[in-house]
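Every chain is numbered from 1, with letters handed out A, B, ... down the list of sequences.
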There are 2 protein chains.
Amino acid sequence: MTKKLPNNELERIANTTMADVVEIRLREYLKTSAFKPGDALPKEIELANSLGVSRNVVREALSRLRMLGMVETKKKRGMVLARPDILGSFERVLDPAIIDEHTLRDLFELRLTLEVGLADLLYLRKTAKDIAELEQIAKSQKVTGDKQTFRIQHEIAFHGKLYQMTGNDTMSRFQSMLLPVFGYLVTLEKKPIIGKVSHLDLVKILKEGTKEEFRQGMLQHLEHHFKKIQ
Amino acid sequence: MTKKLPNNELERIANTTMADVVEIRLREYLKTSAFKPGDALPKEIELANSLGVSRNVVREALSRLRMLGMVETKKKRGMVLARPDILGSFERVLDPAIIDEHTLRDLFELRLTLEVGLADLLYLRKTAKDIAELEQIAKSQKVTGDKQTFRIQHEIAFHGKLYQMTGNDTMSRFQSMLLPVFGYLVTLEKKPIIGKVSHLDLVKILKEGTKEEFRQGMLQHLEHHFKKIQ
DNA sequence: ATAAGTAGTTATGTACTACATATCAAATGT
DNA sequence: ACATTTGATATGTAGTACATAACTACTTAT
């Protein structure tokens, strides 16, 4: 007895579960209903009845939204709409070990792009205090010297400080989240490659030079990285 | 009858539920166990017993990991480790309506930074075909003319094409995900602001000029945006 | 009457059971 | 040797029950 082949479409997408559907429906509901953060939402039972699924399914969907920070729940208070941390969800999946080669390269290029574009924000917001701190970091390189792990730590500290100096918290966090990815890439290199422009050179430009000079300096500092991605 | 006060520790600020704990434990487990994508994982019941919680709680945690794309599940096959789509999770929470002002500004600056830094990748990968297409987009502006929505559509098309020309899929997707955010910001402006350097000017530089000229051109093209963020 | 304490109410958090469904694997028949 | 059937199994969904925290309203003592 041949079945009717319910969905003949190459047995496609059908892997969507009820929880997936409810998640989407809820997200739409939140967006279209013009709720503001802090507003109370219907209770689980009501959602379940309204959607025609068990409370269990609703909870699985809500569990996802909770993780993303889109809603918060308290014992009797019910649920309220919340502001998600847009980078928090990003952070969870950023594990170099499971990201494919292609995406790793993309992320690497993304950071290079940011670094080159940083000059404008830096010159807009740099302060004498920040530059002094940056210089301290740059100088500390000479002391610690040659060991691989120290070198990486130093790279992280210097470039991280640069991002922090832009006053852009989101960008700064974003960069620090990308660090494990680059740490992973750097360890693949055999020996340290010193660019023509050192960290101290960059600090000097920041103190005395122009935006354009800094950008050119950064380009040369990252030169060997750019060569690799060609 | 007074109970024994199970945990006296100032009753933990944290509202952490079992599902939260299990989610974290599972993520650690996946990272430390050196699984590769495609490897099979223990079944729900085993995890539940092993962790001392109900299957329900395990499913809520797994539901989150499933959404992030870290694991995939099939009916009898069980669970397998999967490659998460690193931008997918980002996309879900990117709703301009619920992102706070401060973060919106940060994202705006992030895009400006990328745009300025784009020159190097562009000159590394641009092709005659891409430039021709870009020129078509730039020219189409003159035709459609003045209406607000058309202008925004055109902006999106032009800058989107630029990102696509970098050959960096991740960056391109990232930019397109940020579009709703900027669409939101742009609609707040009363009237269109035309920079000194038009899209057609940028195309011309791409065809005949150098990296540095393009970067300067882009800076001037975005000039009024940079003025706003000071 | 005000303050403090107490009991009830309610929505989420957790556990458990039961069954549906899809899929793999072995057994069976031709 | 191949196709079909049958069973076993892990996830997906439903439903019930109770624990827990937090809000409400009531009672009681000063």
Side-chain angles (χ1 to χ4, degrees), chain A residues 1-26 38-67 69-82, chain B residues 1-26 38-67 69-82:
Chain A
M1 169 123 42
T2 35
K3 265 200 214 155
K4 271 278 191 64
L5 294 194
N7 48 352
N8 202 3
E9 313 167 33
L10 298 180
E11 61 171 328
R12 272 312 299 153
I13 315 121
N15 234 359
T16 57
T17 74
M18 286 291 168
D20 294 327
V21 176
V22 172
E23 182 209 334
I24 295 171
R25 293 277 309 264
L26 284 179
D39 287 0
L41 304 175
K43 39 197 141 183
E44 294 177 352
I45 288 281
E46 290 174 2
L47 290 175
N49 293 336
S50 167
L51 293 168
V53 296
S54 80
R55 187 178 158 224
N56 227 323
V57 170
V58 172
R59 278 190 64 82
E60 284 195 22
L62 284 176
S63 178
R64 300 176 180 184
L65 300 188
R66 255 197 305 275
M67 177 192 59
M70 295 184 67
V71 302
E72 285 174 1
T73 50
K74 280 182 181 168
K75 271 291 168 64
K76 146 123 191 186
R77 175 95 184 199
M79 288 181 299
V80 297
L81 188 61
Chain B
M1 178 162 330
T2 33
K3 267 200 208 151
K4 269 279 190 67
L5 294 194
N7 50 351
N8 203 3
E9 315 167 32
L10 297 182
E11 62 170 325
R12 306 287 313 158
I13 307 156
N15 231 0
T16 57
T17 73
M18 287 291 169
D20 294 327
V21 177
V22 172
E23 183 209 331
I24 294 171
R25 293 277 309 264
L26 283 180
D39 288 359
L41 303 175
K43 40 198 142 182
E44 294 176 351
I45 289 282
E46 290 174 3
L47 290 174
N49 292 337
S50 168
L51 293 168
V53 296
S54 80
R55 187 174 159 228
N56 223 323
V57 169
V58 172
R59 277 191 63 82
E60 283 195 22
L62 284 177
S63 178
R64 300 176 180 183
L65 300 188
R66 254 197 305 275
M67 178 192 59
M70 295 184 67
V71 301
E72 285 176 0
T73 51
K74 280 181 183 169
K75 273 290 168 67
K76 146 126 189 184
R77 177 92 184 203
M79 286 182 300
V80 296
L81 189 60

Handout entry: Nearest non-hydrogen partners of Glu60(B) and Ser63(A), listed with the distance
Key = O-OG, 3.4 Å
Completion exercise
Val58(B) and Ala48(B) have their tightest heavy-atom pair at CG2-CA, 3.6 Å
Among [options], which nucleotide has an atom closest to any side-chain atom of [X]?
| X | options | value |
| --- | --- | --- |
| Lys75(B) | dT10(C), dG13(C), dA22(C) | dA22(C) |
| Met79(A) | dA22(D), dT12(C), dT9(D) | dT12(C) |
| Ser54(B) | dT14(C), dC24(C), dA18(C) | dT14(C) |
| Lys43(A) | dT9(D), dG13(C), dA11(C) | dA11(C) |

Handout entry: Residue whose nearest DNA chain D nucleotide is more 5′ - Lys74(A) or Ala19(A)
Key = Ala19(A)
Handout entry: 5′-ward residue of the pair Glu60(A)/Arg77(A) relative to DNA chain D
Key =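 This one resolves to Glu60(A).
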Problem - N or O in side chain of Arg59(B) less than 4.0 angstrom from dG12(D) OP1/OP2 - result: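 True: Arg59(B) side-chain N/O within range (under 4.0 Å) of dG12(D) OP1/OP2.
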Practice task
May I ask you to evaluate whether Thr73(A) reaches the phosphate of dG13(C), defined as a side-chain N or O under 4.0 Å from OP1 or OP2?
Solution key: yes
Between atom [atom1] in [X] and atom [atom2] in [N], what is the gap in whole Å?
| X | N | atom1 | atom2 | result |
| --- | --- | --- | --- | --- |
| Glu44(A) | dT16(D) | CD | P | 16 Å |
| Glu23(A) | dG12(D) | CD | C1' | 16 Å |
| Lys76(A) | dA25(D) | NZ | P | 9 Å |
| Asn49(A) | dA14(D) | CG | C1' | 12 Å |
| Arg55(A) | dT16(D) | CZ | P | 12 Å |
| Leu62(A) | dT12(C) | CG | P | 8 Å |
| Asp20(A) | dT11(D) | CG | C1' | 13 Å |

Practice task
Step through the shown structure and confirm whether more than 12 heavy atoms of other residues, nucleotides or ligands are within 6.0 Å of CD on Glu72(A).
Solution key: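 Not buried by this count: 12 neighbours or fewer within 6.0 Å.
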Practice task
Flag the pair Arg66(A) and Glu23(B) as a salt bridge only when some basic side-chain nitrogen lies within less than 4.0 angstrom of an acidic carboxylate oxygen.
Solution key: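 No, no charged N to carboxylate O under 4.0 Å.
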Exercise for the section: Output yes when a side-chain donor or acceptor of Asp20(B) lies under 3.5 Å from a complementary backbone atom of Thr17(B), and no otherwise. Expected result: yes
Problem - N/O donor-acceptor pair, side chain Asn56(A) with base dG15(D), under 3.5 angstrom - result: yes
